[in-house]
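Both ligands and their constituent atoms are indexed starting at 1 by order of listing. Below, each value reflects all heavy atoms present in this structure, side chains not excepted, and no hydrogens, waters or symmetry copies. Since we're looking at a predicted model, the values are computed, not measured.
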Amino acid sequence: MANDASAVFDARSPAVSDNPLADPFSPPADSALWRKNFLLGAATASYQIEGAVNEDGRLPSIWDTFSATPGKVLAGDTGAVACDHYHRWEADIDMLVSLGLEGYRLSIAWPRVMDAAGVPNRKGLDFYKRLLNRLKEKGVTTFVTLYHWDLPQHLEDRGGWLNRDTAYRFADYADLMSRELAGTVDAWATLNEPWCSAYLGYGNGHHAPGLADGRFATQAMHHLLLAHGLAIPVLRANDPASQKGIVANIGRGTANSDSAADQRAAHLFEVQHNAWILDPLLKGAYPQDLFELWPGTEPLVLDGDMQTIAAPLDFLGINYYFRTNVASDGGHGFREVPLEGVERTQMGWEVHPDGLRDLLTGFRRTYHNLPPIYITENGMASDDKVIDGHVDDTQRISFLKRHLAAVDQAIKAGVDVRGYFLWSLMDNFEWAFGYERRFGVVHVDYSTQKRTVKRSAELVAKFLKERGARV
Ligand code: FCB
């Protein structure tokens with residue numbers, strides 16, 4: 001799939017030099033990107049970059065177990081070493097700062113900072129304290145995600161997100177972290193992409209812990225959202241000055257035809273990808289259409305849970321990657337109908353910036369209480385190679401320009417978007433796809449751990465410098 005996808009693009013893409021899209025960061029004068037308070041940063045996640053999985057008292061996570069299981073991750077890759085960021089964090093922060101990036105979104109590895117009895121692990125905590133203190137010293141705005149999928153294995157052994165108790169353990173973890181790190185975090189996100197944790201982790205088994213049952217997915221989602229809702233007041237009490245929110249991945253679904261059945265299929269696709277998460281958070285109820293799609297999967301919800309989940313948010317993090325074209329499956333559901341001749345990335349994902357704009361403007365109409373938005377992830381994978389010390393990631397440059405333009409259009413249409421984080425600062429462990437898929441704006445040579453700034457990052461840096469110099 002990777003080769004086919006890049007072949008499609010190569011055939012259609014002009015060279016950088018004669019590509020009018022080549023410089024993504026010379027937006028029109030009226031673009032919101034020029035505003036100095038529009039935050040531009042980059043994102044990473046603990047398991048994808050840290051490595052050092054057995055060091056300083058870190059306990060195993062579900063991703064250690066899953067990636068060590070044959071057949072689960074491409075080429076048998078694991079996060080055991082990853083980008084060795086645990087040892088190279090200082091140089092990595094210097095690199096981020098030298099690119100002029102103003103924000104850094106990172107995540108904390110829960111199994112690094114507390115044990116099964118809830119006892120804090122000082123060495124693990126100190127790692128994050130050093131990192132965040134350095135970022136503050138350098139003037140970088142810090143977005144910290146508490147859960148980017150690396151659940152401690154000992155919690156999975158007791159049922160993981162199928163066990164309601166995990167939500168309470170998460171609130172304890174949020175309590176510890178916000179007491180320890182208060183003052184160094186500008187924005188806390190409770191969860192990264194609960195859709196992936198619940199659906200890929202418990203619904204189809206593509207991610208850790210690898211369970212596959214529709215009812216598991218909805219119950220895991222409920223406990224994830226409950227964990228979020230329990231953590232928000234804890235974070236507010238311990239660290240009042242910071243912003244509190246959550247990060248959701250969103251998917252654009254478009255209909256393969258004008259038929260009512262296909263239109264309904266596209267609607268159900270978006271219910272499954274977006275409303276399943278956003279409705280409970282912003283309306284305090286699950287969308288009933290979800291259970292038309294997946295009959296008999298209603299989760300067990302206790303009195304008061306939905307109020308807990310709908311705790312007011314200071315911001316909503318949005319991760320956007322692609323759109324999916326769907327048709328009716330002839331029954332109550334949808335099936336994907338891949339479009340021919342469209343631009344795709346190394347993941348095979350369709351490049352469709354309008355989807356981001358259309359979803360954002362749609363959310364503004366649907367949710368009267370939509371909080372301020374940060375695009376907490378956007379980017380693409382390409383098969384990048386270092387040639388003569390350079391990485392010319394043409395497709396990414398064009399991708400970023402078009403998605404930033406889509407964000408600007410959403411802002412002009414009235415959506416309150418306050419910032420944008422590139423996924424990712426550097427190439428890393430791309431979950432079930434291992435190291436083959438490169439999402440970074442910095443290239444990582446995994447045999448030497450050498451970092452090479454890609455052309456896309458150079459252009460971001462150039463833009464930020466230009467913006468900073470403006471009066
Ligand atoms: C998102 C994840 C992130 C990364 C990107 C490509 O779903 O949050 O960790 O893997 O996809």
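Ring geometry for Tyr147 versus Trp110: interplanar angle over 60°, hence perpendicular rather than tilted (30 to 60°). Relative ring orientation between Phe315 and Tyr374 is described as perpendicular, the plane-to-plane angle rising above 60° on a 0-90° scale split at 30° and 60°. The aromatic rings of Tyr47 and Trp431 sit parallel, their planes meeting at an angle under 30°, below the 60° perpendicular limit. Ring planes of Tyr286 and Phe291: perpendicular class, angle over 60° (limits at 30 and 60°). In this pair, His273 and Phe334 present their aromatic rings tilted. The plane angle is within the 30 to 60° band. The aromatic rings of Trp276 and Trp294 stand perpendicular to each other, their planes meeting at an angle above 60°, with 30° marking the opposite boundary.
A heavy-atom separation below 4.0 Å is found between Asn192 and ligand 1. The closest approach between Met347 and ligand 1 stays at or above 4.0 Å for every heavy atom of the residue.
Of the protein's non-hydrogen atoms, Tyr321 OH, 3.3 Å is the one closest to atom 5 (C) of ligand 1. Scanning the protein heavy atoms around atom 3 (C) of ligand 1, the nearest turns out to be Glu377 OE1, 3.3 Å. Here the heavy atom of the protein found nearest to atom 10 (O) of ligand 1 is Glu430 OE1, 2.6 Å. Closest to atom 7 (O) of ligand 1 among all protein heavy atoms lies Glu193 OE1, 2.5 Å.
For ligand 1 and His148, the ligand atoms under 4.0 Å from any heavy atom of the residue are 2 (C), 3 (C), 8 (O), 9 (O). Close contacts of ligand 1 with Trp149, meaning ligand atoms under 4.0 Å from a residue heavy atom, involve 2 (C), 7 (O), 8 (O). Within the listing of ligand 1, atoms 3 (C), 4 (C), 9 (O), 10 (O) sit less than 4.0 angstrom from a heavy atom of Gln48. Of all atoms in ligand 1, numbered sequentially from 1 with element shown, those under 4.0 Å from a heavy atom of Phe439 are 6 (C). Within ligand 1, the atoms closer than 4.0 Å to a non-hydrogen atom of Trp431 are 3 (C), 4 (C), 9 (O), 10 (O), numbered from 1 in the order shown.
The option from Tyr47, Phe429, Phe433, Trp423 that lies nearest to atom 4 (C) of ligand 1, judged by heavy atoms, is Trp423.
Judged purely by distance below 3.5 Å, without hydrogens or angles, the side chains of Asn319 and Glu193 pair a donor atom with an acceptor atom.
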Salt bridge (Lys or Arg N to Asp or Glu O under 4.0 Å) evaluation trace for Asp329 with Arg335:
CA-CA 5 Å; Asp329 68 357; Arg335 67 186 165 86; over 6 Å; no
